[in-house]
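This report concerns only the one structure given below.
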Protein chains: 2
Amino acid sequence: MTIRVLVVEDEPLIADAHREYTERVAGFTVVGVAHSAREALAVLRAEPVDLVLLDLNLPDRHGLEVCRALRAAGSATDVLAVTSARDIAMVRAAVALGVTHYLLKPFTFAAFRDKLAAYARYRAHVQAAGEVAAQHEVDRVFAALRGGPAASLPKGLDAGTLDRVLAALRASVTPLSAAEVAGVTGTSRVTARRYLEHLAETGRVERASRYGGPGRPEVEYVIA
Amino acid sequence: MTIRVLVVEDEPLIADAHREYTERVAGFTVVGVAHSAREALAVLRAEPVDLVLLDLNLPDRHGLEVCRALRAAGSATDVLAVTSARDIAMVRAAVALGVTHYLLKPFTFAAFRDKLAAYARYRAHVQAAGEVAAQHEVDRVFAALRGGPAASLPKGLDAGTLDRVLAALRASVTPLSAAEVAGVTGTSRVTARRYLEHLAETGRVERASRYGGPGRPEVEYVIA
DNA sequence: CCCGCCGGTGAACAGAATGAACGTAACGGT
DNA sequence: ACCGTTACGTTCATTCTGTTCACCGGCGGG
């Protein structure tokens with residue numbers, strides 16, 4: 001179940017770079033490249049596309065106009081906006097048109113990969129179960145939309161420590177509690193928990209409770 | 001700078017409740033109430049609205065059709081969807097149409113207030129500065145958008161455990177006793193009962209008694 | 001060269017969520 | 001009416017959580 005991507009970008013060189021970036025991310029495949037709004041809409045009418053990598057600065061029309069046309073036609077295709085425009089009003093307009101992710105040019109491959117990964121997580125959520133039972137399940141879907149670049153970690157978190165925590169989780173078949181992760185990584189439980197919670201917030205690990213004996217249940221974490 | 005809200009809801013009683021709820025939140029004011037898609041669009045054409053409280057189940061057209069019409073007309077009005085539909089595909093379609101918040105009926109005032117507060121925070125971000133400097137500023141805007149404080153449970157109850165209990169009930173066709181739920185969830189009968197009673201108090205499950213054999217009758221629970 | 005500051009860590013602590021144990025309540029049978 | 005049976009509902013010890021605050025090391029300014 002790979003995600004079909006359409007790259008929309010007028011600069012041929014940049015378009016090629018975007019295509020290559022996308023192909024480098026597992027689970028994504030580029031099904032077309034368009035260099036104008038007109039071309040983009042033609043492709044979108046012709047074949048199924050899951051995600052549009054949409055440059056907002058196009059020669060014939062504004063990128064958001066493509067988006068608007070999509071919505072008017074009843075399409076629910078998801079859009080990742082790519083632009084060098086620093087205008088907040090643009091962000092707002094994009095959000096209103098259902099743009100789920102927004103990437104400022106120029107960007108590193110890491111930032112790009114993070115956005116695609118966030119989208120993949122969101123997609124997994126909305127494709128999995130057909131029904132939701134409670135509000136917080138909906139909240140979780142929306143939470144999956146916000147992507148956390150590894151580059152700009154929240155204050156108080158260190159990239160190296162994060163790697164160790166992730167490595168510990170990957171090395172274990174069974175879920176691990178915060179205390180167990182602390183034991184493996186050599187950090188304290190408090191620190192391990194800090195990173196595990198961050199990973200849970202950004203959807204990269206799942207939380208569960210370990211019941212059984214008396215006393216408060218232990219929270220266990222496993223890679224999503 | 002109060003936020004102008006349009007309430008769209010066909011049930012007059014519910015519409016009134018929504019209006020009252022909205023007025024109770026500081027910084028929000030209701031500028032209109034519509035009972036159908038047609039009415040809603042008329043109001044939206046007539047006067048400026050910042051946020052639409054949109055019930056998806058309308059008599060003449062589906063709520064998302066209102067949304068689509070808005071986008072086709074080029075409006076960037078924000079939308080908070082309110083619905084009792086538990087369909088994930090609906091959530092996905094809503095997101096694609098730029099619905100920024102999604103609230104499941106029935107909801108408490110606290111849940112409602114949280115969603116409005118999250119929207120107000122988002123709004124403050126996109127109205128403040130005219131320019132953004134870096135990617136992480138954009139990310140922060142999206143974070144404010146998605147990060148609604150989840151439903152606050154009474155002390156002593158855990159959201160994850162509540163999930164498991166609900167899942168167990170939903171998975172069963174027949175009503176389940178506290179002991180049976182305990183068996184499925186892996187928790188003790190005491191814990192299962194705690195959550196089942198909470199759900200019964202808040203009206204999400206129904207209680208009944210199971211007679212037949214000797215001994216005290218067993219209480220059984222079923223999703224309302 | 002010293003000092004204050006800031007980002008990352010862990011020790012200590014208040015309290016939150018669980019289950020074992022137990023007295024009590026509600027039923028059917030005699 | 002009484003008794004045996006079965007589950008209820010509560011209390012409380014237990015264990016882990018989540019937060020606060022002091023520490024430590026490095027960096028930049030004076």
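Just so it is clear: chains get the letters A, B, ... in the order the sequence lines come, proteins before strands, and each one is counted from 1. From a predicted model like this one, the values you see are computed outputs, not experimental measurements.
- Contact annotation: B:Arg216 side-chain N/O to C:dA25 OP1/OP2 distance is not under 4.0 Å.
- Considering only heavy atoms from C-beta on, B:Tyr195 stays 4.5 Å or farther from B:Leu166 through its side chain.
- Taking atom CG of B:Asp158 as the reference point, atom C1' of D:dG18 lies 13 Å away to the nearest angstrom.
- With DNA chain D read from its 5' end, the first of the two nearest nucleotides for A:Glu218 and A:Gly215 is the one closest to A:Gly215.
- With rounding to whole Å, B:Tyr211 atom OH is found 17 Å from C:dA25 atom P.
- No contact: A:Ser177 has no heavy atom under 4.0 Å from any strand.
- Within 4.0 Å of A:Ser209, counting heavy atoms only, lies no atom of the nucleic acid at all.
- Between A:Phe112 and A:His101, the distance from one ring center to the other does not fall under 6.0 angstrom.
- When rounded to the nearest whole Å, the span between CZ of A:Arg210 and P of C:dA16 equals 23 Å.
- Using a 4.0 Å cut-off, some side-chain N or O of B:Tyr195 falls inside it from OP1 or OP2 of C:dT18.
- The one candidate from B:Leu54, B:Val8, B:Leu6, B:Val66 that meets the side chain to side chain contact (heavy atoms under 4.5 Å, CB included) condition with B:Val79 is B:Leu54.
- One can place CZ of B:Arg194 at 11 Å from P of D:dT11, the figure rounded to the nearest angstrom.
- Between B:Ser188 and the phosphate of C:dT18, there is no side-chain N or O to OP1/OP2 separation shorter than 4.0 Å.
- Phosphate contact (OP1/OP2 of D:dT10, side-chain N/O of B:Arg193, threshold under 4.0 Å): present.
- We find that CD of A:Glu180 is positioned 16 Å from P of D:dT15, with the value rounded to whole Å.
- In this structure, the nucleotide among C:dT18, C:dG10, D:dT11 sitting nearest to the side chain of B:Val190 is D:dT11.
- With 3.5 Å as the limit, one finds a donor-acceptor pair spanning the side chains of B:Tyr221 and B:Glu197.
- Residue B:Tyr221 contributes atom OH, which lies 7 Å from atom P of D:dC8 at whole-angstrom precision.
- Side-chain proximity of A:Arg189 to C:dT9, D:dC8, D:dG18: nearest is D:dG18.
- Residues A:Ile223 and A:Arg204 have side chains not in contact (no heavy-atom distance under 4.5 Å, counting atoms from C-beta outward).
- The distance from atom NZ of B:Lys155 to atom P of C:dG15 is 9 Å, rounded to the nearest whole Å.
- The listed nucleotides are C:dA26, C:dG19, D:dG9; the one nearest the side chain of B:Thr187 is C:dG19.
- Taking atom CG of A:Leu196 as the reference point, atom C1' of D:dG18 lies 13 Å away to the nearest angstrom.
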